[in-house]
Visitor: 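Could you have a look at this structure, given as structure tokens, before my questions?
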Amino acid sequence: SPVILTAFTADGQSVVSVSKDKIKLWNSASGSQQSEFEGLKGQVTCAAQSLDCRRLACAFSDGQVAVYDVRGGGEPKQLRAVATPVLSLALAPDGEVLALGSKDKVEIWNVRTALRIRSLGASQEVVALAFSPDSQLLSKVGRSGSAKVWKAGIWQAIGSLQKDRDLLAFGPDGRIAAVVTRGRKVEFIHTQSGGVQCAVEFNPTVGPVCQLAFGPDGRHVASAHSDG
């Protein structure tokens, strides 16, 4: 089945892959499978990993959410077991806080205690979530393309964008974010003011943007497209 997420572990020696029905750990040098996580509670609908990939969060088709210890193994930590489908996930870089997006809200959970911290209302389905690298900001993108940014901890909204946004990725310092508009245009915005600093528009012959990632220095951005 199609792969939903892949990520290197912190030591670079392993790669974790998530598909709809399997979570596997691979040896990055040999390409051989090291292990497979057992006991999945249904089909995986979305997934997110901490910055060091020590923790992996998965949402399942029955509304459950579990957090796995990638290196340590063992039973996953169950965070949520209600019927409402989870549409998007984001783990804070330190792996301590998890954001869940559903049809009408964003839930914030403490991973260590498995307790819900806050519920943030949303006027439409939350299709994408992202934490800034310093864990200080959380962004969400709604089904219509509207985006909002919250200050983590106090969970106060500090900015919103009312355009056709599909995807958002934070720069390393959290001050700049790259947002995709209608799959073709990438705009670089100031997260506090929402002002656009510059933009890049792709040729119509190139497939829509489906993933964005900043380089460590914040000066380069890589984009993946649906046509490969």
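It should be emphasised that the depicted structure is a prediction, and the values quoted were computed from it without experimental measurement. Just the heavy atoms: all of them, side chains too, but no hydrogens, waters or symmetry mates, feed the values below.
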Visitor: Do the non-hydrogen side-chain atoms of L137 and F131 ever get within less than 4.5 Å of each other?
Guide: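 No; the side chains remain at least 4.5 Å from each other.
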
Visitor: Could you check whether any side-chain heavy atom of V15 comes within less than 4.5 Å of a side-chain heavy atom of L25, counting everything from C-beta outward?
Guide: no

Visitor: Decide whether D62 and Q64 meet the rule of one side-chain donor and one side-chain acceptor closer than 3.5 Å.
Guide: yes

Visitor: Distance check, rounded to the nearest 0.5 Å: N110 atom CG versus L98 atom CG?
Guide: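 The CG atom of L98 is 10.0 Å from CG of N110, to the nearest 0.5 Å.
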
Visitor: Any side-chain heavy atom of I23 sitting closer than 4.5 Å to one from Y68?
Guide: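 The answer is yes, as the side chains (C-beta and beyond) meet within the 4.5 Å cut-off.
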
Visitor: Determine, stepwise, if the pair W26 / S17 fulfils side chain to side chain donor-acceptor pair (under 3.5 Å).
Guide: CA-CA 8 Å; W26 307 82; S17 67; 2.8 Å; yes

Visitor: Kindly determine whether F60 and V65 satisfy side-chain contact (heavy atoms from CB on, under 4.5 Å), including the steps that lead there.
Guide: CA-CA 6 Å; F60 296 92; V65 174; over 6 Å; no

Visitor: State the NZ-CG distance between K151 and L138, to the nearest 0.5 angstrom.
Guide: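 One gets 12.0 Å once the value is rounded to the nearest 0.5 Å.
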
Visitor: Checking K140 side chain against G101 main chain: does a donor-acceptor pair fall under 3.5 Å?
Guide: no

Visitor: Do D94 and L51 have side chains that get closer than 4.5 Å, going by heavy atoms?
Guide: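 No, their side chains stay 4.5 Å or more apart.
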
Visitor: In Å, rounded to the nearest 0.5 Å, how long is the span from SG of C58 to CD of Q49?
Guide: 10.0 Å

Visitor: With heavy-atom distances below 4.5 Å as the criterion, would you say the side chains of L56 and V18 are in contact?
Guide: yes

Visitor: Looking at A199 and E187, what are the two nearest heavy atoms and their distance?
Guide: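 Shortest heavy-atom separation between A199 and E187 comes out as CB-CG, 3.9 Å.
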
Visitor: Please determine whether salt bridge (charged side-chain N to carboxylate O under 4.0 Å, His left out) holds for the pair E96 and R55, giving the CA-CA distance in whole Å, both sets of side-chain angles, and the decisive distance to 0.1 Å.
Guide: CA-CA 9 Å; E96 296 296 318; R55 284 177 172 166; 3.2 Å; yes

Visitor: Determine, stepwise, if the pair C53 / V16 fulfils side-chain contact (heavy atoms from CB on, under 4.5 Å).
Guide: CA-CA 8 Å; C53 204; V16 63; 3.4 Å; yes

Visitor: For Q197, does the CD atom have more than 12 heavy-atom neighbours from other residues, nucleotides or ligands under 6.0 Å away?
Guide: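 Yes.
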
Visitor: Got L129 and L89 here, is their nearest side-chain heavy-atom distance under 4.5 Å?
Guide: no

Visitor: Would you say that I108 contacts W155 through its side chain, given a criterion of any heavy-atom pair below 4.5 Å between the two side chains?
Guide: yes

Visitor: Calculate, to the nearest 0.5 Å, the distance between atoms CD1 and CH2 belonging to I117 and W109 respectively.
Guide: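 The distance works out to 10.0 Å.
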
Visitor: Which atom names give the shortest non-hydrogen contact between V86 and G63, and what distance separates them?
Guide: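 Result for this residue pair: CG2-O, 4.2 Å.
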
Visitor: Where is the tightest heavy-atom contact between P85 and S102, given as atom of each residue plus distance?
Guide: O-CB, 3.6 Å

Visitor: What do you reckon, is CZ of R54 surrounded by more than 12 foreign heavy atoms closer than 6.0 Å?
Guide: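 Check fails, neighbour count at 12 or below.
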
Visitor: Starting at CG of L100, measure out to CD of E107 and round the result to the nearest 0.5 Å.
Guide: 5.5 Å

Visitor: N27 and S30: which non-hydrogen atoms are nearest, and at how many Å?
Guide: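 Taking every non-hydrogen atom into account, OD1-N, 2.9 Å.
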
Visitor: What's the spacing between Q43 CD and I4 CD1 if we round to 0.5 Å?
Guide: 8.5 Å

Visitor: Should V186 and I176 be regarded as members of a common hydrophobic cluster, given that ILVMFWY residues are connected when their side-chain heavy atoms come within less than 4.5 Å of each other, either directly or indirectly?
Guide: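 Linked within one cluster.
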
Visitor: What I'd like to find out is whether the side chain of S14 reaches to under 4.5 Å of the side chain of F8, using heavy atoms alone.
Guide: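 S14 vs F8: side chains apart.
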
Visitor: List the atom of A122, the atom of V126, and the distance in Å for their closest heavy-atom pair.
Guide: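 Closest pair (atom of A122, atom of V126, distance): CB-CG2, 3.8 Å.
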
Visitor: Applying a strict under-4.5 Å side-chain criterion to I, L, V, M, F, W and Y, I'd like to know whether F202 and V221 cluster together.
Guide: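 Yes.
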
Visitor: Shortest non-hydrogen contact from P133 to P93?
Guide: O-CG, 3.3 Å

